[in-house]
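Heads up: the structure comes next, in structure tokens.
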There are 2 protein chains.
Amino acid sequence: MSIQDTLEAFQQRLVERGLKSTRQRGLIVETFFELDRHVNVDELLLEVRKRRASTGYATVYRTLKLLVDLGFANERRFGGPETPTIYDPSFERDEHFHLICLECQHIIEFRDVPLEKRHEAIAREQGFTLQQQTLDLYGHCTRENCPRRPQA
Amino acid sequence: MSIQDTLEAFQQRLVERGLKSTRQRGLIVETFFELDRHVNVDELLLEVRKRRASTGYATVYRTLKLLVDLGFANERRFGGPETPTIYDPSFERDEHFHLICLECQHIIEFRDVPLEKRHEAIAREQGFTLQQQTLDLYGHCTRENCPRRPQA
DNA sequence: TTATCTGCAAAATTTTTGCATCGAT
DNA sequence: ATCGATGCAAAAATTTTGCAGATAA
């Protein structure tokens, strides 16, 4: 799904909800999807301000909440209160899971459909209708520059 | 593992780290494990103050962080920034996963050893040494008093 | 005794809100 | 024209920190 398509889908959802499709929202959402990675509010605001300097904090917060409500992003925090809240682009139940390095904070995303199905089955057994799932695996990675990289 | 055992294990870990075993810490930790459920800082402080009214916020925060560092608790937030950070008692790799009702916030904990193994295997494939894992399944539950309970 | 811990209050952070103005429909 | 959206600044909420006095080793 291209950025253009995603933007259009977003605009459409806005209208369906009786909300307005404004330049500001378009700009923020477009920037968010172009970056196409985990961002915190500051990073996104900074990027948006490169294009329109007068953009306010509140608008970015409000637009991100909107993205979450409409299912275009997930709000996450990997770690305790001191770690920043980040926003993860996601389109339509395009579930993906995370592997997080506790040392260098490097994050790998991966998909695993059988696992998704398994989770659904578990939820069903417990009388739940599954809407969303998050799986976060924390460990030590093997990247060159990881400070606690296992020796070869 | 009894509360008494857990308390002792905690005290021992403290000493190993060159930290002091104080009444305050004992009290807070004991209260935390007696409650034996997800609590936020306020709830815990309230409970601790029933036993010793002069207890300060900062000490509870600091002790909870200690519990997390020593592996006796996990710091979690189920939902966006508006949801409270909660602390979940956990002893020694006693992994458990969560099913969260999006309507009534009811939380079911469950264990699933095969799933844990599977996660370990996934991490290994990606060159990670797994240290911790969280699986959160969000959906709608079927409790009597759940506001969005499916009709029978 | 000495280093750590505690409680308080202040500070730092993060997120939300009120309100006047602006912009989309 | 109307009603929602935006930007600013202030407020609220959450978490951390500095410091003086208290406590454990």
Side-chain angles (χ1 to χ4, degrees), chain A residues 7 10-32 38-46 48-49 51-70 73-87, chain B residues 7 10-32 38-46 48-70 73 75-87:
Chain A
L7 258 169
F10 172 73
Q11 310 283 5
Q12 193 186 320
R13 292 284 196 90
L14 276 183
V15 176
E16 283 169 16
R17 279 232 193 166
L19 301 171
K20 287 179 181 172
S21 164
T22 68
R23 285 185 189 169
Q24 222 21 307
R25 283 181 176 156
L27 177 63
I28 293 169
V29 172
E30 187 180 8
T31 306
F32 178 64
H38 298 160
V39 288
N40 61 38
V41 174
D42 286 322
E43 288 167 346
L44 182 56
L45 179 64
L46 205 76
V48 170
R49 279 187 171 163
R51 310 189 187 185
R52 188 168 178 287
S54 69
T55 308
Y57 251 100
T59 306
V60 172
Y61 268 106
R62 289 187 276 232
T63 306
L64 281 170
K65 228 170 229 347
L66 204 52
L67 280 167
V68 171
D69 285 349
L70 299 183
N74 288 116
E75 205 161 29
R76 302 297 318 277
R77 206 174 50 185
F78 300 112
E82 72 284 357
T83 60
T85 299
I86 61 93
Y87 294 82
Chain B
L7 257 169
F10 173 73
Q11 310 284 4
Q12 192 186 321
R13 292 283 195 91
L14 277 183
V15 175
E16 284 169 17
R17 279 231 193 166
L19 302 172
K20 287 181 181 171
S21 164
T22 67
R23 287 184 190 170
Q24 222 22 305
R25 282 181 178 158
L27 176 64
I28 294 169
V29 172
E30 188 181 7
T31 306
F32 179 63
H38 299 159
V39 289
N40 61 38
V41 176
D42 287 322
E43 287 167 347
L44 183 56
L45 179 64
L46 206 73
V48 171
R49 280 188 171 162
K50 286 184 187 169
R51 309 186 187 188
R52 189 170 177 286
S54 69
T55 308
Y57 250 100
T59 306
V60 172
Y61 268 107
R62 288 188 276 231
T63 305
L64 280 171
K65 229 170 225 354
L66 204 53
L67 281 166
V68 171
D69 285 349
L70 300 183
E75 205 161 29
R76 302 296 317 279
R77 205 173 50 183
F78 300 112
E82 71 285 357
T83 61
T85 299
I86 62 93
Y87 293 83

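Chain naming here is simple, since letters A, B, ... match the order of the sequence lines and numbering starts at 1 in each. Below, each value reflects all heavy atoms present in this structure, side chains not excepted, and no hydrogens, waters or symmetry copies.
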Self-check item: Phosphate OP1/OP2 of C:dA24 contacted by A:R23 side-chain N/O (<4.0 Å)
Solution: yes

Quiz item: Phosphate oxygens OP1/OP2 of C:dT6: is one of them under 4.0 Å from a side-chain N or O of B:R25?
Solution: yes

Exercise. By nearest nucleotide on DNA chain D, pick out whichever of B:L19 and B:P84 is the more 5' one.
Key: B:P84

Quiz item: Is the backbone of B:N40 close enough, under 3.5 Å, to the side chain of B:E43 for a donor and an acceptor to pair up by distance?
Solution: yes

Quiz item: Rounded to whole angstrom units, what separation is found between the CD atom of A:E82 and the P atom of C:dT14?
Solution: 11 Å

Exercise. Using a 4.0 Å heavy-atom cut-off across all strands, classify A:R52 as base, sugar-phosphate, or nothing.
Key: sugar-phosphate

Quiz item: When the nearest nucleotide of DNA chain C is assigned to B:T59 and to B:R77 on a heavy-atom basis, which residue is associated with the more 5' position?
Solution: B:T59

Exercise. Check every atom of C:dC8, D:dT6, C:dA3 against the side chain of A:R62 and return the nucleotide holding the closest atom.
Key: D:dT6

Quiz item: Under 3.5 Å, side chain of B:R49 to main-chain N/O of B:T55, donor-acceptor pair present?
Solution: yes

Practice problem: To the nearest 0.5 Å, tell me how far A:F10 CZ sits from A:L66 CG. | Solution: 5.0 Å

Quiz item: Within this structure, what is the CD-to-P distance between B:Q12 and D:dA25, rounded to whole angstrom?
Solution: 14 Å

Quiz item: Given atom CG of A:L14 and atom P of D:dC3, what is their separation to the nearest angstrom?
Solution: 20 Å

Quiz item: Toward the 5' end of DNA chain D, which comes first, A:T55 or B:K65, by nearest nucleotide?
Solution: A:T55

Quiz prompt | DNA chain C: 5'-proximal contact among B:A53 and B:P81 (nearest heavy atom) | solution = B:A53

Exercise. State whether the side chain of B:T83 and the backbone N or O of B:G80 hold a donor-acceptor pair below 3.5 Å, judged by distance alone.
Key: yes

Practice problem: From the options D:dC8, C:dT15, D:dA25, select the nucleotide whose nearest atom is closest to the side chain of A:A58. | Solution: D:dC8

Exercise. Take the protein atom CD of A:Q24 and the nucleotide atom P of D:dC8, then report the distance between them rounded to whole Å.
Key: 10 Å

Quiz item: To the nearest angstrom, how far is A:I86 atom CD1 from C:dT14 atom P?
Solution: 15 Å

Quiz item: Rounded to the Å, how far apart are A:Y61 OH and D:dA12 P?
Solution: 17 Å

Quiz item: Please give, in whole Å, the distance from C:dT4 C1' to B:L66 CG?
Solution: 12 Å

Self-check item: Which nucleotide in C:dC5, D:dT16, D:dT6 has an atom nearest any side-chain atom of B:T22
Solution: C:dC5

Quiz item: What's the closest nucleotide to the A:K20 side chain, out of C:dT25, D:dA24, D:dC3?
Solution: D:dC3

Quiz item: Between B:Q11 and B:G26, which heavy-atom pair has the shortest distance, and what is it?
Solution: NE2-CA, 4.2 Å

Practice problem: Would you mind reading off the distance between A:D69 atom CG and C:dT16 atom P, rounded to a whole angstrom? | Solution: 11 Å

